[in-house]
Amino acid sequence: MIDLKYLQKNFDEASAKLIKKGVNKEILENLKELFATLKSANSTLEEAKAEQNKMSKLFGEYMREKKDITQLKEKVNANKEEIVALQATAREAQEALERVSLAIPNFPDDSVPEGANEEDNVELKKVLEPRKFEFEPKEHWELAQINGWIDFERGVKLAKSRFSVLRGEAARLERALINFFLDVNRQRGFEEVCVPFLNNSAMLQGTGQLPKFEDDLFKIDGEDLYLIPTAEVPLTNLYHDEILTQKELPILLTGYTPCFRKEAGSAGRDTRGMIRQHQFDKVEMVAIATPQQSEDIFNMMVENASDILTQLGLPHRVIELCGGDLGFSAATTIDLEVWLPGQDKYREISSISNTRDFQARRAKIRYKDGKKNVLVHTLNGSALAVGRTLVAIMENYQNEDGTIEIPEVLKKYM
RNA sequence: GGACAGUUGGGUGAGCUGGCUGAAACCACAUCCCUGCUAAGGAUGCGUACGGGUAACUGUACCGAGGGUUCGAAUCCCUCACUGUCCGCCA
């Protein structure tokens, strides 16, 4: 959630920022108005309540002194009716405000490049030179078939389309990657955690998936539970509604989880292979930090993810997302895209975001700075998406006969 | 899933015959004082959110959540969630 007080006081500045992210001005004007309405409704309501409280206190005294209370009672009852009406107004204002404000995305940082979509993203650098093949490199699904690594048909049988089964070496490689990622992250100072893969709606709202993106989530029928779309949800919400001490910050967390996404709106995209699945494995990094720490930690997270790819010998590039391509909660995002020779393209394999205080405000994560409670900054990033790393290894490490070499750093995990 | 018990501030825990309780006490924490040596003594402060005020301060709400009774509810009633124990089931 954005800071409504800031919106109110610096409307032009705030709306200029959000226009970068594609939010139109009328919505913001409406939001500002709703906020003002709520404030005035609340203040009249509070006055009436203060009056009521005062009279009720008097009531007690009258009773003790055995004074006549009929007149007081009339006054109090009249006031009570008024309160009920004011309450309804205030409540409506509250609900309207919530409905709108929860659907407003985060402010992008000033440094975020202008742009409408991914075409306007900015390449910061390339790491490692793509290998030169003396033969036509195959796409990962061909390689999967040659090696018997991925069983797409039976995945579909077990669940539905966009599910798959890893077999033999591929299943072991998947597990090796998870362990490798977790070990690297741990050495960087991240605490390894193992969390529930189902989270309730309050948590999904805390990190911004709800209420706006409900269609992207798998919901458990009859329960207030959703399959997590990313470990960012449980890791960040570990401190939901808590007040931390400054000493314990920054908190660095890493965890492996499967992720579940409906991929609504991705119909027809990446239908072949395992680039875009309903269920995929990911190792995630999350940081809870003070505003002063968040910048350095962000850079460290980007470096860490890039370093993992380098250790695996996978060529990749570092991309800064433009305003129009930024996610809902992010103030700034760096994507890492890995080189896929079979596809002859760079494809996203990690996305690292600083949400600043946007999620913290929704999830009520604060820390004590002296006497004041201050919202933390929350950051998240993949290190890395496991399935896509597997694909990248297949395509980059393929031999002419379709067999696949195992990267050196993974050998001890196999 | 069934039965009973519970859910209070950072923690432990009183209050629960309705008003004097936003909440005792203890611990933790912070600042100061004393002391002098590895640990102890004393003073004060210390919940959260939103609003008003330059500030001192002040208003409202919150004792698991939501609703109800009442002039007034942490305290009474209802619904739900969660926790504990026993039983059932099970990796």
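A note on names: the letters A, B, ... follow the listed sequences, proteins ahead of strands, and every chain is numbered from 1.
In a base pair of the Watson-Crick type (N1 to N3 plus N6-O4 or O6-N4) or a G-U wobble (N1-O2 and O6-N3), with each distance short of 3.5 Å, B:rG22 is matched with no nucleotide. Remark: B:rG84 base-pairs with B:rC4; criterion is Watson-Crick or G-U wobble with both hydrogen-bond distances under 3.5 Å. B:rU44 is paired with B:rA30 under the Watson-Crick or G-U wobble criterion, all donor-acceptor distances under 3.5 Å. In this structure, B:rG72 makes no Watson-Crick or G-U wobble pair, since no nucleotide meets both defining distances under 3.5 angstrom. When both pairing distances are held under 3.5 Å, B:rA56 makes no Watson-Crick or G-U pair with any nucleotide shown. With both pairing distances under 3.5 Å, B:rC37 is matched to nothing as a Watson-Crick or G-U wobble pair. Of the nucleotides present, B:rA65 is the one that pairs with B:rU79 by Watson-Crick or G-U wobble criteria, both distances under 3.5 Å.
Separation of the C1' atoms belonging to B:rC76 and B:rC63 is 16 Å when rounded to the nearest angstrom. Of the C1' atoms belonging to B:rC34 and B:rG53, the separation is 40 Å, rounded to the nearest Å. One C1' atom belongs to B:rU75, the other to B:rG64, and the distance between them is 16 Å to the nearest Å. For the P atom pair drawn from B:rU21 and B:rC77, the interatomic distance equals 23 Å after rounding to whole Å. Taking the P atom of each, B:rA55 and B:rG68 are spaced 37 Å apart, rounded to whole Å. Going from the C1' atom of B:rA74 to that of B:rA65 covers 14 Å, rounded to whole Å. Only the P atoms considered, B:rA24 is 15 Å distant from B:rU8, to the nearest whole Å. Spacing of P atoms, B:rC27 relative to B:rG13, comes out at 15 Å, to the nearest Å.
Note on A:K368: only backbone sugar-phosphate atoms sit closer than 4.0 angstrom, heavy atoms only; bases stay farther off. Counting non-hydrogen atoms under 4.0 angstrom, A:N373 reaches the backbone sugars and phosphates but no base. Across all strands, A:L58 comes closer than 4.0 Å to no nucleic acid atom at all (heavy-atom distances). When heavy atoms are screened at a 4.0 angstrom cut-off, A:R91 is found touching the sugar-phosphate backbone but no base atom. A:K54 comes within 4.0 angstrom of nothing in the nucleic acid, heavy atoms only. Using a 4.0 Å heavy-atom criterion, one finds that A:Q52 contacts the sugar-phosphate atoms exclusively.
At whole-Å resolution of the value, CD in A:E47 and P in B:rA61 are 13 Å apart. Between A:R361 atom CZ and B:rU48 atom P the separation is 18 Å, expressed in whole Å. Rounded to whole Å, atom P of B:rG18 lies 18 Å from atom NZ of A:K57. In this structure, A:D224 places its CG atom 14 Å from C1' of B:rG66, rounding to the nearest Å. Following rounding to the nearest Å, A:N77 (CG) and B:rU69 (P) show an atom-to-atom distance of 12 Å. Atom P of nucleotide B:rC20 and atom OH of A:Y62 are separated by 18 Å, given to the nearest angstrom. In this structure, CD1 of A:I365 is placed 17 Å from C1' of B:rG10, rounded to the nearest angstrom. Following rounding to the nearest Å, A:M55 (CE) and B:rU70 (P) show an atom-to-atom distance of 17 Å.
Seen from the ring of A:F59, A:K73 does not count as a face-on cation partner, given the 6.0 Å and 45° thresholds.
For B:rG51, the OP1/OP2 oxygens have a side-chain nitrogen or oxygen of A:K5 closer than 4.0 Å. Within the structure, every side-chain polar atom (N or O) of A:R366 is placed at least 4.0 Å from both OP1 and OP2 of B:rU48. Dashed line: the shortest gap from a side-chain N or O of A:K73 to OP1 or OP2 of B:rC71 is under 4.0 Å.
Residue order along RNA chain B, read from the 5' end via each residue's closest nucleotide, puts A:S56 first among A:S56 and A:F35. Residue A:A50 is the one, among A:A50 and A:F59, whose nearest nucleotide of RNA chain B lies closer to the 5' end (criterion: closest heavy atom).
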**Request:** With salt bridge (Lys or Arg N to Asp or Glu O under 4.0 Å) as the test, would you mind laying out the steps for A:R261 and A:D216 before giving the verdict?
**Result:** CA-CA 6 Å; A:R261 297 182 184 178; A:D216 292 332; over 6 Å; no
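To the nearest 0.5 Å, atom CD of residue A:E320 and atom CG of residue A:L326 are 8.5 Å apart. Interatomic distance, CZ of A:R186 versus CZ of A:F181, reported as 15.0 Å (0.5 Å rounding). Atom CD of residue A:E47 and atom CD1 of residue A:I83 lie 11.5 Å apart, to the nearest 0.5 angstrom.
A donor-acceptor contact closer than 3.5 angstrom links the side chains of A:D224 and A:S201. Judged purely by distance below 3.5 Å, without hydrogens or angles, the side chains of A:D335 and A:N121 never pair a donor atom with an acceptor atom.
Here the nucleotide nearest the side chain of A:K49, chosen from B:rG47, B:rU60, B:rA49, is B:rU60. Of all nucleotides listed (B:rC71, B:rG59, B:rG51), B:rG59 comes nearest to the side chain of A:E46. Candidate nucleotides B:rC71, B:rG47, B:rG51 were compared by shortest atom distance to the side chain of A:K39, and B:rG51 ranks first. Closest to the A:N53 side chain, of the nucleotides B:rA49, B:rA61, B:rG19, is B:rA61.
A:K32 and A:E29 are not joined by a salt bridge, as no carboxylate oxygen comes within less than 4.0 angstrom of a charged side-chain nitrogen.
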